[in-house]
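Single-structure report; data block below.
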Amino acid sequence: QVQLVESGGGSVQAGGSLRLSCGASGGTFSSYYMGWFRQAPGKEREFVADISWSGSVTRYADSVKDRFTISRGNVKNTIYLQMNSLKPEDTAVYLCAVLRGVSHNPTSVVYWGQGTQVTVSS
């Protein structure tokens with residue numbers, strides 16, 4: 001059974017930083033990307049960033065480019081999202097995902113994590 005487990009969410013003031021982690025288990029993921037989506041109350045789920053299995057390709061939403069960095073751990077089933085210069089509009093539930101690399105539309109996601117809350121206060 002595939003499981004994606006996120007950690008690292010929390011509350012921070014604007015301008016602060018957080019680091020999210022996600023570990024995947026129970027499956028083979030070498031054909032897929034792993035990444036992060038987020039969903040704020042009353043809004044649609046949106047893509048944040050993803051990374052190829054090799055780690056050589058990373059993609060970001062324009063809203064987080066130059067502030068967030070996605071990376072893989074030494075264990076390739078683990079990914080991280082370093083979030084710097086956080087803004088109140090970054091407040092959302094952040095969900096880890098395994099997705100097909102053809103697109104970063106939520107419909108390309110094969111597996112979802114449960115999510116971790118990130119709250120940024122002004």
Side-chain angles (χ1 to χ4, degrees):
Q1 183 179 357
V2 172
Q3 280 192 313
L4 303 181
V5 179
E6 304 101 331
S7 62
S11 297
V12 65
Q13 288 191 326
S17 299
L18 285 173
R19 189 192 196 208
L20 306 183
S21 302
C22 173
S25 62
T28 302
F29 308 105
S30 57
S31 299
Y32 298 100
Y33 280 53
M34 287 183 69
W36 296 92
F37 289 72
R38 66 187 182 185
Q39 188 163 20
K43 294 190 176 181
E44 293 187 352
R45 192 166 292 185
E46 63 174 2
F47 169 76
V48 175
D50 65 5
I51 185 168
S52 63
W53 177 253
S54 68
S56 61
V57 178
T58 56
R59 303 181 294 190
Y60 296 91
D62 288 343
S63 59
V64 306
K65 205 172 292 184
D66 299 326
R67 298 188 298 122
F68 291 9
T69 302
I70 190 169
S71 60
R72 279 198 184 270
N74 291 332
V75 176
K76 284 194 172 182
N77 284 4
T78 301
I79 62 169
Y80 304 97
L81 185 69
Q82 179 66 43
M83 304 185 294
N84 298 330
S85 302
L86 283 160
K87 304 174 181 180
E89 51 263 44
D90 294 318
T91 295
V93 174
Y94 283 70
L95 302 107
C96 181
V98 173
L99 63 160
R100 301 180 187 89
V102 291
S103 91
H104 44 71
N105 189 293
T107 58
S108 69
V109 174
V110 179
Y111 302 108
W112 290 103
Q114 292 296 309
T116 185
Q117 177 69 44
V118 170
T119 302
V120 185
S121 58
S122 57

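Small disclaimer: the values here were computed from a predicted structure and weren't measured. For this chain, numbers begin at 1 and follow the sequence in order.
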Measure from the side-chain N and O atoms of [X] to the backbone N and O of [Y], and report whether any donor-acceptor pair falls under 3.5 Å.
X      : Y      : value
Tyr60  : Ile70  : yes
Arg72  : Ser54  : no
Gln114 : Glu6   : no
Ser108 : Ser103 : yes
Thr91  : Val120 : yes

Which atoms form the tightest heavy-atom contact between [X] and [Y], and what is the distance?
X      : Y      : result
Met34  : Leu99  : C-CD2, 3.9 Å
Phe47  : Ala61  : O-CB, 3.4 Å
Pro88  : Ala14  : CD-CB, 4.1 Å
Tyr111 : Val109 : O-CG1, 3.1 Å
Gly101 : Tyr33  : CA-CD1, 3.4 Å
Arg67  : Ser85  : NH1-O, 2.9 Å

Hydrophobic cluster membership, [X] vs [Y], 4.5 Å side-chain cutoff:
X     : Y     : result
Val98 : Phe37 : no
Val2  : Ile51 : yes
Val5  : Val48 : no

Requested in this report: Could you walk me through whether Phe29 and Val110 pass the side-chain contact (heavy atoms from CB on, under 4.5 Å) test, one step at a time?
Outcome: CA-CA 10 Å; Phe29 308 105; Val110 179; over 6 Å; no

Query raised in the report: Taking everything shown except Gln117 itself, do over 12 heavy atoms lie less than 6.0 Å from its CD?
Result: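 Yes.
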
Requested in this report: Report, as yes or no, whether the 6.0 Å neighbourhood of atom CG on Asn105 holds more than 12 heavy atoms from other residues, nucleotides or ligands.
Outcome: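 Buried by this count: over 12 neighbours within 6.0 Å.
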
Query raised in the report: Do the ring planes of Tyr94 and Phe68 sit parallel (below 30°), tilted (30 to 60°) or perpendicular (above 60°)?
Result: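 Tyr94 vs Phe68 ring planes: tilted.
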
Query raised in the report: Among pairs that include at least one residue of residues 14-38, which meet salt bridge (charged side-chain N to carboxylate O under 4.0 Å, His left out), considering only residues two or more places apart or in two chains?
Result: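 Counting only pairs at least two positions apart or across chains, the salt bridge (charged side-chain N to carboxylate O under 4.0 Å, His left out) contacts touching residues 14-38 are Arg38-Glu46, Arg38-Asp90.
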
What distance do [X] atom [atom1] and [Y] atom [atom2] have between them, rounded to the nearest 0.5 Å?
X     : Y     : atom1 : atom2 : result
Asn84 : Thr69 : CG    : OG1   : 6.5 Å
Thr58 : Ile79 : OG1   : CD1   : 12.0 Å
Leu95 : Trp36 : CG    : CH2   : 8.5 Å

Requested in this report: I would like to know whether Arg45 and Trp112 meet side-chain contact (heavy atoms from CB on, under 4.5 Å); could you show each step before the answer?
Outcome: CA-CA 12 Å; Arg45 192 166 292 185; Trp112 290 103; 3.4 Å; yes

Report task. Give the C-alpha distance, both sets of side-chain angles, the deciding distance and a yes or no for side-chain contact (heavy atoms from CB on, under 4.5 Å) between Leu20 and Val118. Result -> CA-CA 9 Å; Leu20 306 183; Val118 170; 4.1 Å; yes

